Each structure stands twice: as structure tokens, then as C-alpha cells.
There are 2 protein chains.
Amino acid sequence: MPSKPSHITMDAVYTAPGYLFRRMQQIAVSIFVEECSAFDLTPVQYAALVAIHTHPGIDATRLSAVIAFDRSTLGNVIERLESKALIERKPSREDKRVKLLHLTKSGAAVLRDIMPSVERAQLRMLQPLKPADRKTLLALLTQLVDLNNEASRVPLRAEDALEHLGKSN
Amino acid sequence: MPSKPSHITMDAVYTAPGYLFRRMQQIAVSIFVEECSAFDLTPVQYAALVAIHTHPGIDATRLSAVIAFDRSTLGNVIERLESKALIERKPSREDKRVKLLHLTKSGAAVLRDIMPSVERAQLRMLQPLKPADRKTLLALLTQLVDLNNEASRVPLRAEDALEHLGKSN
DNA sequence: CCCATATTGTAAGTATACTGTCAATCATGA
DNA sequence: TCATGATTGACAGTATACTTACAATATGGG
């Protein structure tokens, strides 16, 4: 319970949940990029591809709610995916502000082919733990992320994804 | 066990450890920044301050090993801390390549004053879980980060911090 | 119908987080 | 000692991740 700098040790950092989350995120990205190096896709780009595949014709704002990425961040991600010809952006006829997102044939192919590598990466992240501990960690993390949803600047709004279906294209 | 895009659902993202780690990291940063807004310090800058306080006269390369931040990233962090007059950079007399890092009086004061806010932030991150679950999660995370240390691009090398003491200043 | 308000995409600015590369410097072995 | 290789800090380039601001467009109430 250090309260003066004179008493601070590195444990004040090493044992802090925030530090462990940051460290684990670094490690997870590193493993993902390594396993998926053949596809030149980052974790964020992969998640965006999955969401666009699952919700064809979604717009950028709704996409940001579905994967909980910041709208501004997502703009750049979409640009890169478009420049790699993995997705297409078409203006909506109903709302001139909106651009609808679709996978290209190439994008769908990449998504199909990358899956085994992604699975391998996800397994590797938890590999060092005993199987029972992996389940425990995942369960607690899922619970914590869900309960802390509103604490983040960009809360996950999975249900937002369905709205564009009602209004159709 | 989806292997074709046609079978992919958003759960392929939501239940992946990598996604949960990213999400939790987003949330943790958000909570930290909110609790510590009065001090205008990011989590990374806080960790650097603690490490420089704990290892006065450390150089940037060793600092990067002690907090597991990339050397290039750390260069910018150090610049910002210096421009806020929280740390000082002095050339070493023994090795003309090296610049030694020290807290300023102002830096030490900020570090002392921010501690309660940091503690609050760390508590808030785990708040939604039952106390027993918090302990379990922290224990598993600590274990996993440690066992995956070498998988990250910038492994933690806590012991590196001691080297500069032997060679003194 | 028109005005206030909200939404959408975009852009600029800051801060991590990594990849390279480079020059200056240091340390070592032949 | 001197040439080789390693280390240090700096820089450029890419990719998240956030902030605020803004113009174009939509929507709703009066």
C-alpha cells in the first residue's frame, strides 16, 4: 500500500491490472501478426472483415459499434482494407451521407483462408495455461469486459448491427 | 469450429481471447485516464515515471526492458515527460551514447500525488467482479503474461535495471 | 415548409506500439 | 591497435486509438 514515491517499487506497476492488460494485449497482437503474417492482416482488420461479412451493407458508424472500435480509427482501417481491395464502399441511395460496406470476392477468400491461422493464434495465446485455467480466465474476462462495457469510450453495441437490415438497402 | 466464411458469426470475434484482451485494454486505459485526468498523465507515462523513480540514472534502452515498452515508442514518451519538466535527461560521462534519466522535483511530486488516483483506477477495472474472482483473474493473468513473456516483441527484462548500478554513474 | 438538432463521414491533432535504418560510440578479439 | 561487431539514441514509416471539429445531409417539431 505505497503512498509515497519513496516506497514505490516496480511491483506498483507489475501487479497492477492495467499493466497486465496492456502487456497481454501486446503479446496477443504479436502472436496474431506472427501466425497471420502470410495474409498481411492485423487483428483489427480481421475483426472488421468478419463484421462486414456478417453484416453486409453495414455503414462505418454501425460497424464501429459492432466491434467497439472508435469511428475515427475505423475510417483509416476501412481505407486500408479498401486499398487492398478486400472491401468495397458504395454510397447509399437512401441516405447520401452513408457509404455501405461489402466484402469483395478477394476479401471473402482471404477471410476464408486466414481462419486456421487465426485459430492457431488464439490457441497460442492461452497455450501456457492448463486447459481448466484457460476456461476460467476466458470466462472471467468475458464477464469483466461485459460488465465494464459502458466504462469504455466506445461501448460494444452488438444489436446496432441489425438496424440496417430493417431499413434494407 | 467455423472453417468457411459462410459459417462465421460475430462470436468468432467476441469469444476470441485476442479480442477480449484488446477490449479490456481499451477499458483499462479509459478508466485510468478518467481517474487521473487531473494529472494529465497516461498509463504509459505513469509507468515510465515509476521506473525512473525506482531506477534513477537509468538509460532509455534499459528503461524499455524494465517496463517492456518498445525503444522507439519510449523515445517519444520520454520527450513528452521532459517537455512537461517531469524528468531530466543528462549525458553520461562514461558513455557518450547514453543519456541518463532522473525525475525532477516536479516529477517526484506528481508521482506522489497521483498514487491515490492510480489505485482507484486499478480498483475500478476489477470492481464488477466478485473479490474472489478478482484474485483468480489477476493470478491467471500474471501467470500467462509471465509464461508468454518471450512471445512479445519486447520481453520484460526486469533484471536489466540493476546493471546500471554496478557501473554506477 | 422551415429551423433546430442529430447523424455521417472526414480530417487534424495527440499518444501508443511496432518496423526499419542510421550515425555515433563502445567493446572485443586477432 | 585496429578492424569488427554490438549498442545507443534518433528518425522515418505504418497502424491502432482516442479527441475535437466540421460540412453535408437527415429528421422532427412548430
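Naming: A, B, ... by sequence-line order, numbering from 1 per chain. All of these numbers come straight from a predicted model, not from anything done at the bench.
Under the side chain to side chain donor-acceptor pair (under 3.5 Å) criterion, A/D95 pairs with A/R97, sequence neighbours left out. In terms of the side chain to side chain donor-acceptor pair (under 3.5 Å) criterion, B/T136 has no residue partners (sequence neighbours excluded). With sequence neighbours left out, A/S30 forms a side chain to side chain donor-acceptor pair (under 3.5 Å) with B/R153. With sequence neighbours excluded, the residues that form a ring-ring contact (aromatic ring centres under 6.0 Å, His included) with A/Y19 are A/Y14. With sequence neighbours excluded, the residues that form a side chain to side chain donor-acceptor pair (under 3.5 Å) with A/E82 are A/R89. Residues passing the ring-ring contact (aromatic ring centres under 6.0 Å, His included) test with A/F69: none are found, sequence neighbours excluded.
C/dA11 atom P lies 15 Å from atom CG of A/D70, rounded to whole Å. Taking atom CZ of residue A/R22 and atom C1' of nucleotide D/dT16, one finds them 12 Å apart after rounding to whole Å. Here the C1' atom of nucleotide C/dA17 and the CD1 atom of B/I78 are 15 Å apart, to the nearest Å. Protein atom CZ of B/R80 is 11 Å distant from nucleotide atom C1' of C/dA17, rounded to whole Å. When rounded to the nearest whole Å, the span between CD of A/E79 and C1' of D/dT14 equals 13 Å. If you measure from atom CG of B/L63 to atom P of D/dT8, you get 13 Å, rounded to the nearest angstrom. Rounded to whole Å, atom C1' of D/dT27 lies 15 Å from atom CD of A/E94. To the nearest angstrom, P of D/dG9 lies 10 Å from CD1 of B/I58.
Two residues, B/Q26 and B/A60, neighbour DNA chain D, and the one matched to the more 5' nucleotide by heavy-atom proximity is B/A60. With DNA chain C read from its 5' end, the first of the two nearest nucleotides for A/R23 and A/N76 is the one closest to A/N76.
For the pair A/R71 (side chain) and A/T61 (backbone), a donor-acceptor distance under 3.5 Å is absent. B/E88 places no side-chain N or O within 3.5 Å of a backbone atom of B/L101 that could act as its donor or acceptor partner.
Scanning all heavy atoms of the two residues, the minimum distance from B/A51 to B/L63 falls at CB-CD1, 3.3 Å. Residues A/I67 and A/A48 come closest through the heavy atom pair CD1-CA, 4.0 Å. When all heavy atoms of B/A85 and B/T104 are compared, the pair lying nearest together is O-OG1, 2.6 Å.
Every pair passing side-chain hydrogen bond (donor to acceptor under 3.5 Å, both in side chains) that includes a residue from residues 37-52 of chain A is listed here, sequence neighbours excluded: A/Q45-A/K84. Evaluation of the side-chain hydrogen bond (donor to acceptor under 3.5 Å, both in side chains) test over residues 138-151 of chain A, restricted to residues two or more places apart or in two chains, returns A/N149-B/R23, A/E150-A/R157.
Put simply, the side chain of B/R80 reaches to within 4.5 Å of the side chain of B/N76, judged on heavy atoms.
A heavy-atom distance below 4.0 Å to DNA chain C is reached by these residues of residues 82-90 of chain A, ordered by number: A/R89. Only at 4.0 angstrom or more do the heavy atoms of residues 140-150 of chain B sit from any atom of DNA chain D, so none qualifies. Applying a 4.0 Å cut-off to non-hydrogen atoms, none of the residues of residues 27-43 of chain A approaches DNA chain C.
A/T73 comes within 4.0 angstrom of a base, heavy atoms only.
A close approach under 4.0 Å does occur between a side-chain nitrogen or oxygen of A/Q45 and OP1 or OP2 of D/dT16.
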Short heteroatom pairs, N/O only, protein and nucleotides 21-25 of chain C, under 3.5 Å:
residue	atom	partner	partner atom	Å
C/dT25	O2	B/R97	NH1	3.4

